[in-house]
2 protein chains.
Amino acid sequence: MTPKNKDASTEEKIKEAARIVFTQKGYSATRTRDIAEEAGINLALLNYYFRSKEKLFELVMSEKVAKLFGVIAPIVNGETTSIEEKVTLIADNYITMLLQNPGLPLFVLSEIRNNPEHFGNKVQAGKLLTESIFVKQLKERKPDINPLHFMINLLSMCIFPFIAKPVLESAGVMTPSQMNDFAEERKTLIVQWFKAMMNS
Amino acid sequence: MTPKNKDASTEEKIKEAARIVFTQKGYSATRTRDIAEEAGINLALLNYYFRSKEKLFELVMSEKVAKLFGVIAPIVNGETTSIEEKVTLIADNYITMLLQNPGLPLFVLSEIRNNPEHFGNKVQAGKLLTESIFVKQLKERKPDINPLHFMINLLSMCIFPFIAKPVLESAGVMTPSQMNDFAEERKTLIVQWFKAMMNS
DNA sequence: ATATTTTTTAATCATTTGATTAAATCTATT
DNA sequence: AATAGATTTAATCAAATGATTAAAAAATAT
């Protein structure tokens with residue numbers, strides 16, 4: 001029988017192919033046939049395991065959103081860590097994750113632009129930016145400046161290089177290998193810069 | 001006769017509709033029928049004035065790339081301005097332009113990711129980031145740090161809020177009106193932060 | 001006014017694309 | 001081995017989509 005115990009191998013092959021193709025080309029530019037080919041399976045299997053392109057996409061999108069916000073959530077809510085410690089953790093962990101998922105930010109942000117409903121917001125991203133312990137600490141340290149500015153600065157310094165990556169490489173500014181070194185350097189530099197901004 | 005003297009009104013209506021729809025939904029998600037409807041014209045007219053969806057898109061894309069890089073080009077190559085003056089000019093002019101074209105960065109960056117050939121690079125964006133006078137000044141002031149870090153920091157602090165705008169609004173962090181005030185505040189804050197980074 | 005050229009429209013084409021169906025193949029239980 | 005259920009495949013469908021065509025309408029020239 002094995003009613004629910006599907007092969008898992010095939011299903012996962014499709015899901016992994018979907019991750020690759022969706023992330024690379026976005027929802028609209030992705031053809032279900034592209035995913036089938038990438039997975040090495042018959043097109044009909046995609047609709048057998050997942051009901052539709054849309055359903056498969058929602059699955060991938062949820063994963064990606066969770067990954068993009070999941071890294072910072074536990075850090076900014078840390079009860080015992082200082083501002084500096086949080087900044088160090090965020091810069092390090094975020095850049096490490098982004099080095100393994102360079103296309104993630106541009107994918108998630110442009111899909112949310114195309115279709116805000118895709119942003120299920122299970123991670124309650126809004127709260128991270130307005131009600132976290134990190135925000136409270138920032139408000140204490142710099143009461144005269146909207147703490148959201150610092151949140152955006154920190155995130156932008158980590159994320160933006162990866163958003164600009166296609167342009168930087170296409171314009172011949174950096175090779176993929178140089179991009180990696182560049183991002184690694186920023187792990188420590190961002191901490192230093194952030195401290196300077198807080199003390200200005 | 002007037003062989004080349006087309007009505008201009010109709011042609012421009014289509015181009016303007018294309019700007020709106022392409023920028024909002026991206027190339028792949030845009031239907032030529034969407035553009036025709038937005039322009040209030042018959043679908044066939046689109047192919048009469050422009051030869052294809054692709055051709056029309058290239059036209060719009062060129063404009064948008066030029067706009068995104070055109071603001072900074074003359075500033076970073078300024079012969080007589082100091083680092084501080086350049087930073088002030090970039091922050092002010094760039095944010096002013098982005099407030100009028102909030103969707104521009106996400107559109108251009110994601111289309112270049114989808115199809116790097118679209119990046120004709122007439123603006124020689126690479127040179128701006130590696131060979132401009134601004135870069136030389138940065139290298140003199142901070143010889144130990146790759147000046148590209150500072151270029152990326154400056155651009156990210158200006159651009160990133162607009163890239164994150166769909167998420168911030170969708171997550172209820174800010175209203176469009178608050179986004180405007182937020183961006184306006186950054187015109188002066190970014191200068192202050194950048195100076196602090198340079199002196200750290 | 002008439003003729004000619006340009007612009008606009010409705011109808012249609014060919015291809016692409018997401019999805020379905022019916023049959024074939026594989027797997028496991030008896 | 002035989003049966004039943006799960007998985008996979010080839011073929012096909014219907015709708016969407018970029019593009020074309022032939023004719024009508026409007027503008028311009030003679």
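All values below come from the heavy atoms of this structure, side chains included, with hydrogens, waters and symmetry mates left out. Chain naming here is simple, since letters A, B, ... match the order of the sequence lines and numbering starts at 1 in each.
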For [X] and [N], what is the distance between atoms [atom1] and [atom2] respectively, to the nearest whole Å?
{"X": "B/Ile14", "N": "C/dT7", "atom1": "CD1", "atom2": "C1'", "answer": "11 Å"}
{"X": "A/Phe50", "N": "C/dA19", "atom1": "CZ", "atom2": "C1'", "answer": "16 Å"}
{"X": "A/Phe57", "N": "C/dA19", "atom1": "CZ", "atom2": "P", "answer": "14 Å"}
{"X": "B/Leu45", "N": "C/dT8", "atom1": "CG", "atom2": "P", "answer": "5 Å"}
{"X": "A/Tyr49", "N": "C/dA19", "atom1": "OH", "atom2": "P", "answer": "18 Å"}

For A/Lys86, what residues pass the side-chain contact (heavy atoms from CB on, under 4.5 Å) criterion, not counting sequence neighbours?
->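 For A/Lys86, the residues satisfying side-chain contact (heavy atoms from CB on, under 4.5 Å) (neighbours in sequence not counted) are A/Ile75, A/Thr81, A/Ile133, A/Phe134, A/Gln137.
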Using the test salt bridge (Lys or Arg N to Asp or Glu O under 4.0 Å), find all partners of B/Glu85 that sit at least two apart in sequence or belong to another chain.
->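 Counting only residues at least two positions away or on another chain, B/Glu85 forms no salt bridge (Lys or Arg N to Asp or Glu O under 4.0 Å).
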Tell me, please, which residues at least two apart from A/Glu63 pass salt bridge (Lys or Arg N to Asp or Glu O under 4.0 Å).
->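 Checked A/Glu63 against salt bridge (Lys or Arg N to Asp or Glu O under 4.0 Å); matches are A/Arg19.
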Check: residues 188-199 of chain B side-chain donor-acceptor pairs under 3.5 Å, at least two apart:
unit_1: B/Thr188; atom_1: OG1; unit_2: B/Glu185; atom_2: O; d: 3.3
unit_1: B/Asn199; atom_1: ND2; unit_2: B/Lys195; atom_2: O; d: 3.2

N/O to N/O distances under 3.5 Å, protein versus nucleotides 17-23 of chain D:
unit_1: D/dT17; atom_1: OP1; unit_2: B/Arg31; atom_2: NE; d: 2.5
unit_1: D/dG18; atom_1: OP1; unit_2: B/Thr30; atom_2: O; d: 3.4
unit_1: D/dG18; atom_1: OP1; unit_2: B/Lys53; atom_2: NZ; d: 3.2
unit_1: D/dG18; atom_1: OP2; unit_2: B/Thr32; atom_2: N; d: 2.8
unit_1: D/dG18; atom_1: OP2; unit_2: B/Thr32; atom_2: OG1; d: 2.8
unit_1: D/dG18; atom_1: N7; unit_2: B/Arg33; atom_2: NH1; d: 2.9
unit_1: D/dG18; atom_1: O6; unit_2: B/Arg33; atom_2: NH2; d: 3.3
unit_1: D/dA19; atom_1: OP2; unit_2: B/Lys53; atom_2: N; d: 2.8

Between OG1 on residue A/Thr10 and CG on residue A/Leu46, distance to nearest 0.5 Å =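 That separation rounds to 12.0 Å.
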With sequence neighbours excluded, what pairs up with A/Phe182 under the ring pair (Phe, Tyr, Trp, His ring centres under 6.0 Å) test?
->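 Ring pair (Phe, Tyr, Trp, His ring centres under 6.0 Å) list for A/Phe182, sorted by chain: B/His149.
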Within the pair A/Thr10 and D/dT7, is there a side-chain N or O less than 4.0 Å away from OP1 or OP2?
->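 So the side-chain polar atoms of A/Thr10 never come under 4.0 Å of the phosphate oxygens OP1 or OP2 of D/dT7.
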